[in-house]
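Working notes, structure below.
These numbers come from the heavy atoms of this one structure, side chains and all, not from hydrogens, waters or symmetry mates. Chain identifiers are assigned alphabetically (A, B, ...) following the order of the sequence lines, protein sequences preceding nucleic acid strands; residue numbering begins at 1 within each chain.
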2 protein chains.
Amino acid sequence: MIRLSKLTDYAVVVLSRMSQDAGAVHTAPALARSTGVPEPTVQKCLKLLSKAALVASRRGAAGGYALARPAEAISVAEIIAAMDGPIALTACVDGASGGCGVERVCAMRGGWDRVNRAIKGALESVTLADMAAPSCTTHLPGALTDFIPAGAGN
Amino acid sequence: MIRLSKLTDYAVVVLSRMSQDAGAVHTAPALARSTGVPEPTVQKCLKLLSKAALVASRRGAAGGYALARPAEAISVAEIIAAMDGPIALTACVDGASGGCGVERVCAMRGGWDRVNRAIKGALESVTLADMAAPSCTTHLPGALTDFIPAGAGN
DNA sequence: ATCAAGCGTACCAATCTAGTCCTGTATGGG
DNA sequence: CCCATACAGGACTAGATTGGTACGCTTGAT
């Protein structure tokens, strides 16, 4: 399974929570309370997100975090890149020239690159607004089931 | 980084090596020698691949492995599924109902599913033949660089 | 019968991730 | 002016996952 780190998952949750009051300043403890994610983890997420300039931080007594951009302008690809680093499938890709000792392997990097680009495109086409938005509307009981194509995911 | 396991990477290498003599029977030690991948690892890969019916195994003294299908009929998605299991980004997706304890999170599963499907499509569109073939043609220098999001510090 | 080669399982080691905590710094209110 | 609040940054620990290895068993040709 191609695994996405939990931190990224949490980040999406936190960001989508923030997008419900876009422009408002949210403190880390408040976000932890409203999302159910442990507070230290929320802080860790927000720190990484602020480093990536996806959220704006304000220090001090009345401080907190706010979305740096509207939710429509934040892609899932950016969130993943902020949390997990560059989006790449293979170790060969991220500049590790010494990593893959087998040289003849590299002959197929072009193929991986093609896959990588397709995946990146898929991730960029989904915004935070898409994830957070009328979720309750689409999230009917059982709606998820037929949302998944037959045989997909396996 | 969305990480693909090394086993999968090795599997592609081994399979592409086998596709150079499609139809022939290759022994695990011979494949290990010709690819540079450690022999036990090759064995592990081939076992998983034979379980997934991507390669046909032949036991006994003159045994070995052969591609079960022509390289054009084997997609990267199948290889990944054989090695790493179902293709899915989040833990929520693969049937783990108790996995994500935060219920309000699940409101956005529809969004993840959309991403998952796009990724799966991308992986299915690339075949083993595409990976093994004249890849050097498509592997332009720098093509990889602009794939990685700018400022995505690891 | 013997030997080569795959099959299966279990096991160990290394790596990576998740989660926590601590110390510092800035801001605003009393 | 002082203190409480909240972010910033890093270090650290525990856990899980993965990669790699080692055994013994089964199969089939010679």
Below 4.0 angstrom from OP1 or OP2 of [N], is there any side-chain N or O of [X]?
X	N	result
B:Tyr10	D:dG19	no
B:Arg59	C:dA4	no
B:Tyr65	C:dC7	yes

**Study point:** Closest-nucleotide 5' rank along DNA chain C - winner of A:Thr8 and A:Ala62
**Key:** A:Thr8

Do [X] and [Y] come close enough that some side-chain heavy atom pair is under 4.5 Å?
X	Y	answer
A:Val76	A:Val12	no
A:Lys120	A:Asn116	no
A:Val55	A:Leu15	yes
A:Leu49	A:Met83	yes

What is the separation between atom [atom1] on [X] and atom [atom2] on [N], rounded to the nearest whole Å?
X	N	atom1	atom2	result
B:Lys47	D:dT21	NZ	P	13 Å
A:Leu48	D:dC7	CG	P	15 Å
A:Met83	C:dC16	CE	P	18 Å
B:Leu49	C:dG8	CG	P	13 Å
B:Arg58	C:dC7	CZ	P	12 Å
A:Gln43	C:dA18	CD	C1'	15 Å
A:Leu4	C:dC16	CG	P	18 Å
A:Arg33	D:dA6	CZ	P	9 Å

Taking the minimum atom-to-atom distance to the side chain of [X], which one of [options] wins?
X	options	result
A:Thr41	C:dT20, C:dG28, C:dG24	C:dT20
A:Ala28	D:dG9, C:dA18, D:dC7	D:dC7
A:Leu7	C:dA18, C:dT27, D:dC7	C:dA18
B:Ala61	D:dC7, C:dG19, D:dG28	D:dG28
B:Thr27	C:dA5, D:dC7, D:dG10	C:dA5

Point to revise | Neighbour count above 12 (heavy atom, 6.0 Å) for A:Arg69 CZ | key: yes

Study note, to complete from the structure: Ranking A:Ser57 and B:Lys44 by the position along DNA chain D of their nearest nucleotide, the one closer to 5' is A:Ser57

